[in-house]
Amino acid sequence: MSQFPEDFYWGGAIAANQVEGAWNTDGKQASVSDIMSYKPKLDVTNFNAHHQFTTEKVIAALNDSDIQLYPKRRGIDFYHHYKDDVKLFAEMGFKVLRVSIAWTRLYPTGEESEPNEAGLKFYHSLFDELLSHGIKPLVTLHHYEMPVALALKYNGWQDRRVIGLFTRFCQTCFEQYGQKVKLWLTFNEVDSIIRHPFTTAGVLEDNCGDETFEQACYTALHHQFVAAAIVTRLCHELSEGSKMGCMLTKTMTYPYSSQPEDVAATQIKNLNNMFYSDVQMNGVYPAMMINMLRSRGIEIPLKDDDLEILANNTADFLSFSYYMTRCESVNPDLERTPGNTTLGIKNPYLKSSEWGWQIDPVGLRVSLIELYDRYRKPLFIVENGLGTRDTVTESGHIHDSYRIEYLRSHLIEVKKAISLGVDLMGYTSWGPIDLISAANSQVTKRYGFIHVDLDDMGNGTGVRRKKDSFEWYKEVIRTNGSNLE
Ligand code: BG6
(Lines give C-alpha, C1' and ligand atoms only; values in the text may rest on other atoms or scores of the structure.)
Protein backbone atom coordinates (compact mmCIF):
# COMPACT_ATOMS: atom_id res chain seq x y z
CA MET A 1 0.00 0.00 0.00
CA SER A 2 1.60 3.25 -1.07
CA GLN A 3 -1.32 5.56 -0.32
CA PHE A 4 -3.07 6.89 2.72
CA PRO A 5 -6.01 4.63 3.61
CA GLU A 6 -9.38 5.76 2.23
CA ASP A 7 -10.81 6.33 5.71
CA PHE A 8 -7.74 8.22 6.94
CA TYR A 9 -8.55 10.82 9.60
CA TRP A 10 -7.10 14.10 8.33
CA GLY A 11 -7.47 17.08 10.60
CA GLY A 12 -6.01 19.29 13.29
CA ALA A 13 -5.49 19.35 17.04
CA ILE A 14 -6.11 22.01 19.67
CA ALA A 15 -6.50 22.01 23.45
CA ALA A 16 -9.09 23.84 25.52
CA ASN A 17 -6.52 25.66 27.67
CA GLN A 18 -4.70 27.04 24.63
CA VAL A 19 -7.68 28.27 22.63
CA GLU A 20 -10.87 28.74 24.59
CA GLY A 21 -10.04 31.71 26.82
CA ALA A 22 -13.10 32.63 28.94
CA TRP A 23 -11.19 31.12 31.84
CA ASN A 24 -13.63 32.28 34.51
CA THR A 25 -16.81 32.48 32.45
CA ASP A 26 -20.06 30.54 32.98
CA GLY A 27 -18.92 28.92 36.20
CA LYS A 28 -15.49 27.80 35.06
CA GLN A 29 -12.67 28.12 37.58
CA ALA A 30 -8.89 28.14 37.20
CA SER A 31 -7.03 25.18 35.82
CA VAL A 32 -3.29 24.66 36.22
CA SER A 33 -2.72 26.24 32.80
CA ASP A 34 -4.52 29.42 33.80
CA ILE A 35 -1.73 30.23 36.17
CA MET A 36 1.06 29.70 33.60
CA SER A 37 2.54 33.09 32.83
CA TYR A 38 3.99 34.56 29.66
CA LYS A 39 7.62 33.46 29.21
CA PRO A 40 8.95 34.42 25.81
CA LYS A 41 12.54 33.97 26.97
CA LEU A 42 12.15 30.61 28.64
CA ASP A 43 15.60 29.35 29.61
CA VAL A 44 15.41 25.78 28.44
CA THR A 45 18.73 24.92 30.01
CA ASN A 46 16.84 25.33 33.25
CA PHE A 47 13.37 24.39 32.10
CA ASN A 48 12.44 22.79 35.41
CA ALA A 49 13.01 25.99 37.31
CA HIS A 50 10.18 27.56 35.33
CA HIS A 51 7.85 24.62 35.62
CA GLN A 52 8.23 23.58 39.23
CA PHE A 53 5.67 25.35 41.33
CA THR A 54 5.15 26.07 44.99
CA THR A 55 1.90 26.78 46.82
CA GLU A 56 2.97 30.38 47.28
CA LYS A 57 3.55 30.86 43.56
CA VAL A 58 0.16 29.37 42.69
CA ILE A 59 -1.71 31.51 45.17
CA ALA A 60 0.11 34.62 43.98
CA ALA A 61 -0.91 33.80 40.39
CA LEU A 62 -4.52 33.18 41.42
CA ASN A 63 -4.62 36.59 43.07
CA ASP A 64 -3.05 38.29 40.07
CA SER A 65 -5.70 39.66 37.74
CA ASP A 66 -3.22 40.84 35.08
CA ILE A 67 -4.75 39.17 32.00
CA GLN A 68 -1.75 40.15 29.84
CA LEU A 69 0.60 38.10 31.95
CA TYR A 70 -1.53 34.94 31.66
CA PRO A 71 -2.32 34.48 27.95
CA LYS A 72 -4.01 31.10 28.40
CA ARG A 73 -6.75 32.83 30.34
CA ARG A 74 -7.74 34.65 27.16
CA GLY A 75 -6.65 32.09 24.51
CA ILE A 76 -7.94 33.04 21.08
CA ASP A 77 -11.47 33.28 22.45
CA PHE A 78 -12.48 30.04 20.76
CA TYR A 79 -15.18 29.83 23.43
CA HIS A 80 -17.07 32.55 21.59
CA HIS A 81 -15.71 31.99 18.05
CA TYR A 82 -15.89 28.23 17.70
CA LYS A 83 -18.67 28.23 15.12
CA ASP A 84 -16.71 30.39 12.69
CA ASP A 85 -13.50 28.51 13.38
CA VAL A 86 -15.13 25.13 12.82
CA LYS A 87 -16.50 26.46 9.52
CA LEU A 88 -12.92 27.19 8.42
CA PHE A 89 -11.78 23.70 9.48
CA ALA A 90 -14.66 22.27 7.48
CA GLU A 91 -13.65 24.34 4.46
CA MET A 92 -10.24 22.64 4.61
CA GLY A 93 -12.07 19.31 4.55
CA PHE A 94 -11.17 18.15 8.07
CA LYS A 95 -12.43 14.67 8.89
CA VAL A 96 -11.50 15.01 12.54
CA LEU A 97 -10.72 17.74 15.07
CA ARG A 98 -8.82 16.89 18.21
CA VAL A 99 -10.04 18.99 21.14
CA SER A 100 -9.93 18.61 24.90
CA ILE A 101 -12.68 18.97 27.46
CA ALA A 102 -11.61 21.36 30.23
CA TRP A 103 -12.22 19.51 33.50
CA THR A 104 -12.83 22.92 35.14
CA ARG A 105 -15.77 23.74 32.86
CA LEU A 106 -17.59 20.62 34.00
CA TYR A 107 -16.33 20.41 37.57
CA PRO A 108 -14.80 23.82 38.41
CA THR A 109 -12.99 22.64 41.54
CA GLY A 110 -13.10 18.94 40.67
CA GLU A 111 -15.31 18.14 43.67
CA GLU A 112 -18.79 19.46 42.90
CA SER A 113 -21.56 16.94 43.32
CA GLU A 114 -23.18 17.88 40.00
CA PRO A 115 -21.57 18.98 36.73
CA ASN A 116 -21.81 22.61 35.67
CA GLU A 117 -24.70 22.93 33.17
CA ALA A 118 -23.10 25.76 31.18
CA GLY A 119 -19.94 23.71 30.70
CA LEU A 120 -21.91 20.66 29.57
CA LYS A 121 -23.81 22.80 27.12
CA PHE A 122 -20.69 24.32 25.60
CA TYR A 123 -19.20 20.97 24.61
CA HIS A 124 -22.58 19.67 23.35
CA SER A 125 -22.73 22.69 21.05
CA LEU A 126 -19.13 22.27 19.95
CA PHE A 127 -19.59 18.58 19.10
CA ASP A 128 -22.91 19.28 17.35
CA GLU A 129 -21.23 21.96 15.29
CA LEU A 130 -18.40 19.62 14.31
CA LEU A 131 -20.73 16.77 13.43
CA SER A 132 -22.97 19.05 11.36
CA HIS A 133 -19.90 19.65 9.18
CA GLY A 134 -19.00 15.97 9.01
CA ILE A 135 -16.04 16.41 11.38
CA LYS A 136 -15.57 13.76 14.05
CA PRO A 137 -14.36 14.93 17.47
CA LEU A 138 -11.29 13.25 18.91
CA VAL A 139 -11.40 14.19 22.58
CA THR A 140 -8.53 14.40 25.08
CA LEU A 141 -9.78 14.07 28.65
CA HIS A 142 -6.72 15.55 30.36
CA HIS A 143 -4.58 18.13 28.56
CA TYR A 144 -2.87 20.23 31.27
CA GLU A 145 -6.30 21.24 32.59
CA MET A 146 -6.60 19.88 36.12
CA PRO A 147 -8.50 22.17 38.53
CA VAL A 148 -6.02 24.25 40.54
CA ALA A 149 -8.19 23.54 43.56
CA LEU A 150 -7.15 19.87 43.37
CA ALA A 151 -3.48 20.80 43.10
CA LEU A 152 -3.73 22.87 46.26
CA LYS A 153 -5.86 20.47 48.26
CA TYR A 154 -4.43 17.09 47.24
CA ASN A 155 -1.10 17.98 45.65
CA GLY A 156 -2.74 16.91 42.43
CA TRP A 157 -2.30 13.36 41.25
CA GLN A 158 0.03 12.49 44.10
CA ASP A 159 -3.14 11.72 46.07
CA ARG A 160 -4.90 8.52 45.09
CA ARG A 161 -8.31 10.08 45.74
CA VAL A 162 -7.87 12.10 42.56
CA ILE A 163 -8.34 8.89 40.57
CA GLY A 164 -11.95 8.78 41.77
CA LEU A 165 -12.56 12.46 41.03
CA PHE A 166 -11.17 12.15 37.53
CA THR A 167 -13.14 8.97 36.89
CA ARG A 168 -16.33 10.79 37.81
CA PHE A 169 -15.48 13.62 35.40
CA CYS A 170 -14.82 11.07 32.64
CA GLN A 171 -18.02 9.20 33.42
CA THR A 172 -19.92 12.45 32.93
CA CYS A 173 -18.14 12.94 29.60
CA PHE A 174 -19.00 9.44 28.40
CA GLU A 175 -22.63 9.69 29.55
CA GLN A 176 -23.11 13.13 28.05
CA TYR A 177 -21.10 12.87 24.85
CA GLY A 178 -20.71 9.15 24.27
CA GLN A 179 -23.18 9.21 21.37
CA LYS A 180 -21.33 12.06 19.66
CA VAL A 181 -17.71 11.17 20.38
CA LYS A 182 -16.23 7.81 19.45
CA LEU A 183 -12.53 8.65 19.58
CA TRP A 184 -10.97 9.47 22.94
CA LEU A 185 -7.56 10.01 24.49
CA THR A 186 -6.79 9.75 28.20
CA PHE A 187 -3.75 11.87 29.18
CA ASN A 188 -2.02 14.21 26.78
CA GLU A 189 1.71 13.38 26.79
CA VAL A 190 1.49 11.36 30.00
CA ASP A 191 5.31 11.31 30.06
CA SER A 192 5.49 15.09 30.51
CA ILE A 193 5.01 14.65 34.25
CA ILE A 194 8.78 14.36 34.62
CA ARG A 195 9.34 17.60 32.67
CA HIS A 196 6.55 19.81 33.99
CA PRO A 197 4.88 18.06 36.91
CA PHE A 198 2.65 20.93 37.88
CA THR A 199 0.88 21.37 34.54
CA THR A 200 0.76 17.63 33.92
CA ALA A 201 -0.31 16.50 37.36
CA GLY A 202 -0.73 19.43 39.76
CA VAL A 203 2.27 18.37 41.87
CA LEU A 204 3.69 21.21 43.99
CA GLU A 205 7.26 20.98 45.19
CA ASP A 206 6.54 22.13 48.74
CA ASN A 207 3.50 19.94 49.28
CA CYS A 208 4.78 16.38 48.86
CA GLY A 209 4.49 15.29 52.51
CA ASP A 210 6.67 12.28 53.30
CA GLU A 211 7.69 11.73 49.71
CA THR A 212 10.55 13.42 47.91
CA PHE A 213 9.52 15.60 44.99
CA GLU A 214 10.76 13.01 42.48
CA GLN A 215 8.95 10.18 44.27
CA ALA A 216 5.78 12.31 44.36
CA CYS A 217 5.97 12.71 40.57
CA TYR A 218 6.20 8.94 40.01
CA THR A 219 3.42 8.34 42.54
CA ALA A 220 1.28 10.78 40.57
CA LEU A 221 2.25 9.09 37.32
CA HIS A 222 1.19 5.70 38.67
CA HIS A 223 -2.16 7.14 39.67
CA GLN A 224 -2.58 8.52 36.16
CA PHE A 225 -1.78 5.11 34.66
CA VAL A 226 -4.37 3.44 36.90
CA ALA A 227 -6.93 6.17 36.13
CA ALA A 228 -6.31 5.81 32.39
CA ALA A 229 -6.96 2.07 32.62
CA ILE A 230 -10.15 2.56 34.66
CA VAL A 231 -11.58 5.15 32.28
CA THR A 232 -10.66 3.03 29.28
CA ARG A 233 -12.88 0.30 30.69
CA LEU A 234 -15.60 2.81 31.50
CA CYS A 235 -15.45 4.28 28.03
CA HIS A 236 -15.97 0.87 26.44
CA GLU A 237 -18.93 0.26 28.76
CA LEU A 238 -20.64 3.63 28.36
CA SER A 239 -19.82 4.76 24.85
CA GLU A 240 -20.54 1.91 22.48
CA GLY A 241 -18.08 1.48 19.63
CA SER A 242 -15.64 3.98 21.13
CA LYS A 243 -11.89 3.68 20.93
CA MET A 244 -9.60 4.96 23.67
CA GLY A 245 -6.02 5.89 22.92
CA CYS A 246 -3.06 6.80 25.09
CA MET A 247 -0.73 9.64 24.12
CA LEU A 248 3.05 9.94 24.15
CA THR A 249 5.54 12.71 23.36
CA LYS A 250 7.64 10.83 20.86
CA THR A 251 11.11 12.14 21.52
CA MET A 252 13.37 10.13 19.28
CA THR A 253 17.02 10.26 20.33
CA TYR A 254 19.95 9.33 18.07
CA PRO A 255 23.47 8.43 19.19
CA TYR A 256 25.67 11.42 18.40
CA SER A 257 28.37 9.03 17.22
CA SER A 258 28.82 5.32 16.74
CA GLN A 259 30.99 5.18 19.86
CA PRO A 260 29.39 2.31 21.83
CA GLU A 261 29.07 4.46 24.96
CA ASP A 262 27.02 7.01 22.98
CA VAL A 263 24.82 4.21 21.68
CA ALA A 264 24.30 2.84 25.18
CA ALA A 265 23.39 6.27 26.61
CA THR A 266 20.96 6.78 23.74
CA GLN A 267 19.34 3.43 24.34
CA ILE A 268 18.48 4.48 27.88
CA LYS A 269 16.98 7.75 26.66
CA ASN A 270 14.75 5.90 24.22
CA LEU A 271 13.76 3.27 26.79
CA ASN A 272 12.82 6.09 29.15
CA ASN A 273 10.70 7.69 26.46
CA MET A 274 8.79 4.52 25.62
CA PHE A 275 8.36 3.41 29.21
CA TYR A 276 5.05 5.29 29.33
CA SER A 277 3.54 3.73 26.24
CA ASP A 278 4.91 0.34 27.32
CA VAL A 279 2.75 0.54 30.44
CA GLN A 280 -0.34 1.77 28.61
CA MET A 281 -0.07 -0.45 25.53
CA ASN A 282 1.30 -3.63 27.14
CA GLY A 283 -0.41 -3.29 30.51
CA VAL A 284 2.72 -4.00 32.53
CA TYR A 285 5.56 -1.98 34.00
CA PRO A 286 8.79 -2.90 32.17
CA ALA A 287 11.06 -4.66 34.68
CA MET A 288 14.13 -2.74 33.53
CA MET A 289 12.46 0.58 34.24
CA ILE A 290 11.34 -0.55 37.68
CA ASN A 291 14.96 -1.46 38.42
CA MET A 292 16.29 1.82 37.09
CA LEU A 293 13.81 3.76 39.23
CA ARG A 294 14.60 1.64 42.26
CA SER A 295 18.30 2.41 41.88
CA ARG A 296 17.30 6.08 42.31
CA GLY A 297 15.26 5.28 45.41
CA ILE A 298 11.90 5.48 43.64
CA GLU A 299 9.13 2.92 44.17
CA ILE A 300 5.88 2.55 42.25
CA PRO A 301 3.14 2.69 44.93
CA LEU A 302 1.21 -0.41 43.86
CA LYS A 303 -2.04 -1.09 45.71
CA ASP A 304 -4.72 -3.77 45.69
CA ASP A 305 -5.52 -4.81 42.14
CA ASP A 306 -3.59 -2.06 40.31
CA LEU A 307 -1.57 -4.52 38.23
CA GLU A 308 -4.69 -6.37 37.17
CA ILE A 309 -6.44 -3.13 36.21
CA LEU A 310 -3.46 -2.10 34.08
CA ALA A 311 -3.19 -5.51 32.45
CA ASN A 312 -6.89 -5.74 31.57
CA ASN A 313 -7.45 -2.26 30.20
CA THR A 314 -4.76 -1.36 27.73
CA ALA A 315 -5.25 1.40 25.16
CA ASP A 316 -6.90 0.60 21.82
CA PHE A 317 -4.38 2.68 19.92
CA LEU A 318 -1.25 4.71 20.51
CA SER A 319 -1.31 8.37 19.65
CA PHE A 320 1.71 10.59 19.82
CA SER A 321 3.09 14.05 19.18
CA TYR A 322 6.13 14.47 17.00
CA TYR A 323 8.00 17.74 16.45
CA MET A 324 11.74 17.17 16.64
CA THR A 325 14.57 14.78 17.44
CA ARG A 326 17.79 15.12 19.41
CA CYS A 327 21.13 13.38 19.96
CA GLU A 328 22.77 11.88 23.01
CA SER A 329 26.42 11.43 23.84
CA VAL A 330 28.71 10.86 26.78
CA ASN A 331 30.77 13.84 25.65
CA PRO A 332 29.72 16.72 27.94
CA ASP A 333 31.18 19.42 25.67
CA LEU A 334 28.82 19.09 22.73
CA GLU A 335 26.44 21.90 21.82
CA ARG A 336 22.90 21.50 23.10
CA THR A 337 19.64 22.79 21.68
CA PRO A 338 16.09 23.03 23.01
CA GLY A 339 13.26 20.82 21.88
CA ASN A 340 9.73 20.25 23.07
CA THR A 341 10.31 20.92 26.79
CA THR A 342 13.62 19.10 26.48
CA LEU A 343 17.23 19.84 25.85
CA GLY A 344 19.33 17.62 23.60
CA ILE A 345 22.59 17.52 21.74
CA LYS A 346 22.54 19.24 18.39
CA ASN A 347 22.47 17.03 15.33
CA PRO A 348 24.90 18.37 12.69
CA TYR A 349 22.68 17.04 9.90
CA LEU A 350 19.52 18.91 10.88
CA LYS A 351 18.24 22.47 10.76
CA SER A 352 16.39 24.00 13.67
CA SER A 353 13.35 26.23 14.04
CA GLU A 354 13.73 29.68 15.56
CA TRP A 355 12.90 28.08 18.92
CA GLY A 356 15.78 25.62 18.45
CA TRP A 357 13.64 22.53 17.75
CA GLN A 358 15.47 20.32 15.24
CA ILE A 359 13.45 19.61 12.13
CA ASP A 360 13.59 15.94 11.19
CA PRO A 361 10.98 14.49 8.83
CA VAL A 362 12.82 11.16 8.48
CA GLY A 363 12.69 10.79 12.25
CA LEU A 364 8.92 10.65 11.97
CA ARG A 365 9.16 7.66 9.64
CA VAL A 366 11.62 5.99 12.00
CA SER A 367 9.29 6.68 14.95
CA LEU A 368 6.25 5.24 13.18
CA ILE A 369 8.08 2.07 12.26
CA GLU A 370 9.59 1.68 15.71
CA LEU A 371 6.28 2.21 17.54
CA TYR A 372 4.27 -0.03 15.26
CA ASP A 373 6.85 -2.79 15.44
CA ARG A 374 6.91 -2.50 19.24
CA TYR A 375 3.15 -2.51 19.89
CA ARG A 376 1.43 -3.89 16.73
CA LYS A 377 -1.61 -1.74 17.37
CA PRO A 378 -2.91 1.22 15.32
CA LEU A 379 -1.09 4.52 15.65
CA PHE A 380 -2.41 8.06 15.36
CA ILE A 381 -0.22 11.16 14.89
CA VAL A 382 -2.13 13.70 16.95
CA GLU A 383 0.40 16.55 16.92
CA ASN A 384 2.98 17.68 14.40
CA GLY A 385 3.76 21.14 13.13
CA LEU A 386 6.09 24.10 12.94
CA GLY A 387 5.81 26.87 15.50
CA THR A 388 7.24 30.02 14.00
CA ARG A 389 6.65 33.71 13.39
CA ASP A 390 4.54 34.79 10.43
CA THR A 391 4.47 38.11 8.61
CA VAL A 392 1.26 39.65 7.34
CA THR A 393 1.89 41.54 4.11
CA GLU A 394 0.36 44.94 3.43
CA SER A 395 -2.31 43.25 1.36
CA GLY A 396 -3.15 41.02 4.32
CA HIS A 397 -1.55 37.80 3.03
CA ILE A 398 0.60 35.33 4.95
CA HIS A 399 3.02 33.47 2.69
CA ASP A 400 4.05 30.59 4.93
CA SER A 401 5.94 28.39 2.46
CA TYR A 402 8.22 27.28 5.35
CA ARG A 403 5.20 25.74 7.14
CA ILE A 404 4.08 23.98 3.96
CA GLU A 405 7.59 22.61 3.50
CA TYR A 406 7.75 21.36 7.10
CA LEU A 407 4.40 19.59 6.89
CA ARG A 408 4.87 18.30 3.35
CA SER A 409 8.26 16.75 4.14
CA HIS A 410 6.86 15.05 7.25
CA LEU A 411 3.81 13.72 5.43
CA ILE A 412 5.97 12.22 2.69
CA GLU A 413 7.77 10.24 5.38
CA VAL A 414 4.43 9.21 6.87
CA LYS A 415 3.45 7.86 3.50
CA LYS A 416 6.64 5.80 3.32
CA ALA A 417 5.89 4.27 6.71
CA ILE A 418 2.36 3.41 5.62
CA SER A 419 3.71 1.76 2.49
CA LEU A 420 5.83 -0.49 4.71
CA GLY A 421 2.68 -1.61 6.50
CA VAL A 422 2.38 0.74 9.49
CA ASP A 423 -1.28 0.91 10.52
CA LEU A 424 -1.90 4.64 10.91
CA MET A 425 -5.40 5.88 11.71
CA GLY A 426 -4.88 9.57 11.08
CA TYR A 427 -2.91 12.77 11.25
CA THR A 428 -3.96 15.92 13.10
CA SER A 429 -1.51 18.77 12.69
CA TRP A 430 -0.95 20.80 15.84
CA GLY A 431 -2.61 24.18 16.05
CA PRO A 432 -4.50 24.41 12.72
CA ILE A 433 -5.43 27.86 14.00
CA ASP A 434 -2.87 30.03 15.84
CA LEU A 435 -3.13 29.47 19.58
CA ILE A 436 -1.24 30.10 22.80
CA SER A 437 1.91 28.02 22.92
CA ALA A 438 2.15 25.60 25.83
CA ALA A 439 5.65 26.25 27.12
CA ASN A 440 6.09 29.99 26.48
CA SER A 441 2.46 31.14 26.42
CA GLN A 442 3.12 33.03 23.20
CA VAL A 443 0.73 33.46 20.31
CA THR A 444 3.53 34.68 18.05
CA LYS A 445 4.93 31.15 17.99
CA ARG A 446 2.35 30.34 15.36
CA TYR A 447 1.37 26.90 14.12
CA GLY A 448 -1.81 27.62 12.20
CA PHE A 449 -3.17 27.41 8.70
CA ILE A 450 -5.39 30.18 10.03
CA HIS A 451 -3.81 33.36 11.33
CA VAL A 452 -5.30 35.06 14.37
CA ASP A 453 -4.75 38.80 14.61
CA LEU A 454 -3.44 38.95 18.17
CA ASP A 455 -0.02 39.66 19.61
CA ASP A 456 1.55 38.20 22.73
CA MET A 457 -0.03 40.88 24.90
CA GLY A 458 -3.48 40.12 23.53
CA ASN A 459 -3.63 43.27 21.40
CA GLY A 460 -5.35 42.94 18.04
CA THR A 461 -8.72 42.34 16.45
CA GLY A 462 -8.74 38.56 16.78
CA VAL A 463 -9.68 38.40 13.09
CA ARG A 464 -8.98 35.07 11.39
CA ARG A 465 -7.10 35.03 8.04
CA LYS A 466 -6.22 32.11 5.80
CA LYS A 467 -2.48 31.61 5.29
CA ASP A 468 -1.10 30.09 2.06
CA SER A 469 -0.88 26.77 3.91
CA PHE A 470 -4.68 26.78 4.26
CA GLU A 471 -5.26 26.04 0.55
CA TRP A 472 -2.31 23.66 0.49
CA TYR A 473 -3.63 21.50 3.36
CA LYS A 474 -7.11 21.58 1.85
CA GLU A 475 -5.63 20.09 -1.31
CA VAL A 476 -3.69 17.47 0.65
CA ILE A 477 -6.93 16.33 2.24
CA ARG A 478 -8.93 16.50 -1.00
CA THR A 479 -6.41 14.32 -2.81
CA ASN A 480 -5.87 12.08 0.24
CA GLY A 481 -2.20 12.97 0.20
CA SER A 482 -1.55 12.07 -3.41
CA ASN A 483 -0.39 15.61 -4.25
CA LEU A 484 2.44 15.57 -1.72
CA GLU A 485 5.25 14.76 -4.10
C1 BG6 B 1 2.83 19.44 22.88
C2 BG6 B 1 1.61 19.79 23.70
O3 BG6 B 1 3.81 18.99 23.73
O4 BG6 B 1 3.49 20.46 22.23
C5 BG6 B 1 0.85 21.00 23.18
O6 BG6 B 1 0.74 18.69 23.79
C7 BG6 B 1 1.84 22.08 22.78
O8 BG6 B 1 -0.05 21.41 24.16
C9 BG6 B 1 2.75 21.53 21.69
O10 BG6 B 1 1.24 23.25 22.39
C11 BG6 B 1 3.75 22.53 21.14
O12 BG6 B 1 4.49 23.12 22.15
P13 BG6 B 1 4.54 24.69 22.31
O14 BG6 B 1 5.25 24.97 23.56
O15 BG6 B 1 5.24 25.21 21.09
O16 BG6 B 1 3.12 25.13 22.34
Side-chain angles (χ1 to χ4, degrees), residues 12-20 31-34 36-44 47 50-51 71-72 75-76 78 97-102 138-146 185-201 224 245-252 273 276-277 318-326 337-344 352-359 364 367 380-390 403 406-407 410 428-448 452 454 456:
I14 56 180
N17 76 86
Q18 291 171 263
V19 294
E20 285 178 8
S31 79
V32 287
S33 284
D34 293 322
M36 298 302 291
S37 60
Y38 177 56
K39 288 192 188 78
K41 302 247 180 306
L42 189 68
D43 173 11
V44 284
F47 186 83
H50 293 281
H51 283 268
K72 286 176 190 145
I76 55 161
F78 184 75
L97 182 72
R98 177 180 171 221
V99 296
S100 63
I101 295 179
L138 162 60
V139 172
T140 316
L141 291 158
H142 193 284
H143 195 134
Y144 313 148
E145 284 144 2
M146 141 172 270
L185 300 178
T186 47
F187 291 84
N188 181 66
E189 298 184 335
V190 69
D191 51 288
S192 59
I193 195 163
I194 47 149
R195 299 190 300 276
H196 41 99
F198 178 67
T199 34
T200 311
Q224 293 194 338
C246 60
M247 203 285 198
L248 178 75
T249 320
K250 183 65 184 120
T251 318
M252 169 70 74
N273 180 229
Y276 306 86
S277 42
L318 169 63
S319 75
F320 66 96
S321 62
Y322 178 91
Y323 294 93
M324 35 66 54
T325 56
R326 59 184 178 177
T337 187
N340 188 3
T341 64
T342 57
L343 194 66
S352 303
S353 77
E354 191 188 329
W355 272 260
W357 299 19
Q358 301 187 104
I359 301 170
L364 178 53
S367 299
F380 204 137
I381 301 167
V382 292
E383 289 187 31
N384 172 234
L386 176 69
T388 192
R389 274 174 233 280
D390 287 323
R403 182 167 293 106
Y406 177 101
L407 295 169
H410 282 75
T428 55
S429 76
W430 177 250
I433 183 165
D434 293 345
L435 39 66
I436 311 296
S437 73
N440 309 64
S441 291
Q442 287 181 280
V443 75
T444 46
K445 187 184 184 191
R446 298 178 186 273
Y447 285 90
V452 179
L454 286 174
D456 283 346

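Counting starts at 1 for both ligands and their atoms, in listed order. These numbers come from the heavy atoms of this one structure, side chains and all, not from hydrogens, waters or symmetry mates.
Taking atom 9 (C) of ligand 1 as the reference point, the nearest protein heavy-atom neighbour is Tyr323 OH, 3.3 Å. Regarding atom 11 (C) of ligand 1, its nearest protein heavy-atom neighbour is Tyr447 OH, 3.4 Å. The single protein non-hydrogen atom nearest to atom 12 (O) of ligand 1 is Trp357 CH2, 3.5 Å, given as residue, atom name and distance. Nearest protein neighbour of atom 3 (O) of ligand 1, counting heavy atoms only, is Glu189 OE1, 2.5 Å. The nearest heavy-atom contact from the protein to atom 8 (O) of ligand 1 is Gln18 OE1, 2.7 Å.
Near Ala438, meaning under 4.0 Å from one of its heavy atoms, ligand 1 places the atoms 7 (C), 8 (O), 10 (O), 13 (P), 14 (O), 16 (O). Near Ala439, the atoms of ligand 1 lying under 4.0 angstrom from a non-hydrogen atom of the residue are 14 (O).
When heavy-atom distances to ligand 1 are checked against a 4.0 Å cut-off, Leu435 has no atom that comes that close, whether in backbone or side chain.
Between Leu318 atom CG and Leu185 atom CG the span is 10.0 Å, to the nearest 0.5 Å. Atom CG in Asn273 sits 4.5 Å away from atom NZ in Lys250 (nearest 0.5 Å). Rounding to the nearest 0.5 angstrom, the gap separating the CG atom in Asn384 from the CG atom in Leu407 is 6.0 Å.
For Ser437, no nitrogen or oxygen atom sits less than 3.5 Å from a nitrogen or oxygen atom of ligand 1, counting backbone and side chain alike. Considering both main-chain and side-chain atoms, Asn440 never comes within under 3.5 Å of ligand 1 through any nitrogen or oxygen pair. Polar contact with ligand 1: absent for Ser321 (N/O pair, distance under 3.5 Å).
With atom 1 (C) of ligand 1 as the reference point, the heavy atom nearest to it among Glu383, Lys445, Gln442 is part of Glu383.
Sorted by first then second residue, the salt bridge (charged side-chain N to carboxylate O under 4.0 Å, His left out) pairs that include residues 431-442, not counting sequence neighbours, are Asp434-Arg446, Asp434-Lys467.
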Next on the checklist: One pair to check against side chain to side chain donor-acceptor pair (under 3.5 Å): Glu189 and Tyr144. What are the steps and the verdict?
Outcome noted: CA-CA 9 Å; Glu189 298 184 335; Tyr144 313 148; 2.9 Å; yes
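Distances shorter than 4.0 angstrom do not occur between any heavy atom of Tyr322 and any atom of ligand 1. Put simply, part of Asn340 is less than 4.0 Å from ligand 1, judged by heavy atoms. Not a single heavy atom of Trp355 sits closer than 4.0 Å to an atom of ligand 1.
A donor-acceptor contact closer than 3.5 angstrom is absent between the side chains of Gln358 and Thr337. A donor atom on one side chain and an acceptor atom on the other are not found under 3.5 Å apart for Thr428 and Arg98.
Of the possible polar contacts, one joining the Ser437 side chain to the Gln442 backbone as a donor-acceptor pair under 3.5 Å is found.
The shortest side-chain heavy-atom distance between Asn340 and Thr251 does not fall under the 4.5 Å cut-off.
Minimum heavy-atom separation, Tyr322 to Leu364: OH-N, 3.2 Å.
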